[in-house]
Amino acid sequence: MVANGPIPDARNAATRAKAEAAEFRYKYGYDMPCDVLAKRMANLSQIYTQRAYMRPLGVILTFVSVDEELGPSIYKSDPAGYYVGYKATATGPKQQEITTNLENYFKKKETSYLEEDSWEKVVEFAIAHLIDSLGTEFTKKDLEVGIALKDIFFVLNSEQIEERLVAIAEQD
């Protein structure tokens, strides 16, 4: 899960998401699917909008998983209680430009980029689209990259990010 917004709200949402996932696992004996967790967190966020004495959490949650039934999944929920699944998405200052750029790419392409290539190529694709959409160059200190594979989640260190940036520069 990635939370974009004020740090206290993000911590609250992360703690609640962990609690919801743990309760689901205790009740049903298996891990909570990503889409179910996104829906539950969206429903909880929506409740905050119904009461005048409750301040809604100003945080956008992005859930990423590799599910046995659904395969790779990305879901995003907002403070109003809306959640939706994506093939690729962005959150932040220029989210509309980046999301439009990604939508145009996936409309042109018949098969998913993720099905064909290694995670290295997917990371390069994402960074290249960020560079194109934002019109800026990145250094290894500007980026944080997390990789979700079937049985593992890991975060790239600065040397691995530098390797991906060099590979992108060599493509041009």
Side-chain angles (χ1 to χ4, degrees), residues 1-21 31 34 37-38 41-42 45 55-67 71-80 82-109 112-172:
M1 181 185 91
V2 176
N4 291 25
I7 292 173
D9 289 357
R11 283 194 180 135
N12 182 308
T15 303
R16 184 63 187 259
K18 287 178 190 176
E20 292 293 330
D31 290 333
C34 184
L37 181 58
M41 293 305 293
S45 295
R55 181 183 68 82
L57 297 178
V59 63
I60 296 173
L61 303 175
T62 305
F63 299 93
V64 178
S65 77
V66 180
D67 193 320
S73 303
I74 302 173
Y75 289 89
K76 201 159 75 168
S77 73
D78 66 7
Y82 178 73
Y83 83 102
V84 67
Y86 292 94
K87 285 185 178 180
T89 188
T91 304
K94 295 219 177 177
Q95 105 180 20
Q96 189 60 45
E97 292 88 352
I98 297 168
T99 303
T100 302
N101 195 352
L102 291 169
E103 284 175 359
N104 290 338
Y105 176 81
F106 280 105
K107 282 181 185 175
K108 288 182 209 169
K109 197 160 175 62
S112 174
Y113 196 89
L114 302 173
E115 294 170 359
E116 298 173 359
D117 295 314
S118 65
W119 67 263
E120 291 93 348
K121 294 291 183 188
V122 175
V123 169
E124 291 169 16
F125 165 80
I127 294 172
H129 276 275
L130 274 175
I131 291 169
D132 290 344
S133 297
L134 298 176
T136 184
E137 291 295 321
F138 292 109
T139 65
K140 61 184 177 182
K141 294 179 182 179
D142 296 333
L143 298 171
E144 184 175 348
V145 179
I147 309 294
L149 298 175
K150 185 172 181 159
D151 295 324
I152 189 169
F153 177 84
F154 60 96
V155 177
L156 298 184
N157 60 33
S158 58
E159 289 78 28
Q160 291 170 316
I161 293 172
E162 182 67 26
E163 288 174 14
R164 301 285 59 87
L165 290 170
V166 167
I168 292 168
E170 289 174 354
Q171 289 175 0
D172 296 336

**Q** Roughly how far, to the nearest 0.5 Å, is the CG atom of Leu165 from the CG atom of Asp142?
**A**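 Reported to 0.5 Å precision, the distance equals 9.0 Å.
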**Q** I'd like to know whether Asn101 forms a side-chain contact (heavy atoms from CB on, under 4.5 Å) with Asp132, so could you lay out the CA-CA distance, the side-chain angles of the two residues, the decisive distance to 0.1 Å, and finally the verdict.
**A** CA-CA 9 Å; Asn101 195 352; Asp132 290 344; 4.2 Å; yes
**Q** What is the ring orientation for Tyr75 with Tyr83, classed by angle as parallel under 30°, tilted 30 to 60°, or perpendicular over 60°?
**A**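 Judged by the thresholds at 30° and 60°, the geometry between Tyr75 and Tyr83 is tilted.
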**Q** Keeping to residues at least two apart or across chains, list the ring pair (Phe, Tyr, Trp, His ring centres under 6.0 Å) pairs with something in residues 126-147.
**A**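 Applying ring pair (Phe, Tyr, Trp, His ring centres under 6.0 Å) to every pair that reaches into residues 126-147, excluding sequence neighbours, yields Tyr105-His129, Phe125-His129.
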**Q** Looking at Gly71, is its backbone amide N or carbonyl O close enough to the side chain of Ser73 to form a donor-acceptor pair, meaning the two atoms are under 3.5 Å apart?
**A**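 Looks like yes, one N/O pair under 3.5 Å.
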**Q** Going by atom types only, do Gln160 and Glu120 share a side-chain donor-acceptor pair under 3.5 Å?
**A**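 The answer is no; no qualifying pair exists.
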**Q** How many angstroms lie between atom CD of Glu159 and atom CG of Asn157, to the nearest 0.5 angstrom?
**A**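 Answer rounded to 0.5 Å: 4.5 Å.
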**Q** Assess the residue pair Ile98 and Leu134 against the criterion (side-chain contact (heavy atoms from CB on, under 4.5 Å)); give the C-alpha distance rounded to whole Å, side-chain angles, the decisive distance to 0.1 Å, and a yes or no.
**A** CA-CA 8 Å; Ile98 297 168; Leu134 298 176; 4.1 Å; yes
**Q** Is there side-chain contact between Thr89 and Leu102, with at least one heavy-atom pair below 4.5 Å?
**A**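 They are not in side-chain contact.
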**Q** Do Lys76 side-chain atoms and Ala90 backbone N/O form a donor-acceptor pair below 3.5 Å?
**A**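 The answer is yes, because a donor-acceptor pair under 3.5 Å joins these two groups.
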**Q** Roughly how far, to the nearest 0.5 Å, is OG of Ser133 from CD of Gln95?
**A**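 Interatomic distance, Gln95 CD to Ser133 OG, rounded to 0.5 Å: 12.0 Å.
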**Q** Run the numbers on Phe154 and Leu149 for side-chain contact (heavy atoms from CB on, under 4.5 Å), then give the verdict.
**A** CA-CA 9 Å; Phe154 60 96; Leu149 298 175; 3.8 Å; yes
**Q** Pairs under 3.5 angstrom only: tabulate donor-acceptor contacts from the side chains of residues 1-12 to other protein residues two or more places apart or in another chain.
**A**
{"unit_1": "Asn4", "atom_1": "ND2", "unit_2": "Thr91", "atom_2": "O", "d": "3.4"}
{"unit_1": "Asp9", "atom_1": "OD1", "unit_2": "Arg55", "atom_2": "NH2", "d": "2.7"}
{"unit_1": "Asp9", "atom_1": "OD2", "unit_2": "Arg55", "atom_2": "NH1", "d": "3.1"}
{"unit_1": "Asp9", "atom_1": "OD2", "unit_2": "Gly58", "atom_2": "N", "d": "3.0"}

**Q** Should Ile74 and Thr62 count as side-chain neighbours, where that means a heavy-atom distance under 4.5 Å?
**A**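 Sidechains of Thr62 and Ile74: in contact.
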**Q** Between Val145 and Val155, is a side-chain contact (heavy atoms from CB on, under 4.5 Å) present by the stated rule, with each step listed?
**A** CA-CA 6 Å; Val145 179; Val155 177; over 6 Å; no
**Q** Measuring from Glu163:CD to Lys140:NZ, what's the distance to the nearest 0.5 Å?
**A**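 Answer rounded to 0.5 Å: 10.5 Å.
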**Q** Do Asp78 side-chain atoms and Tyr82 backbone N/O form a donor-acceptor pair below 3.5 Å?
**A**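 Answer holds: yes.
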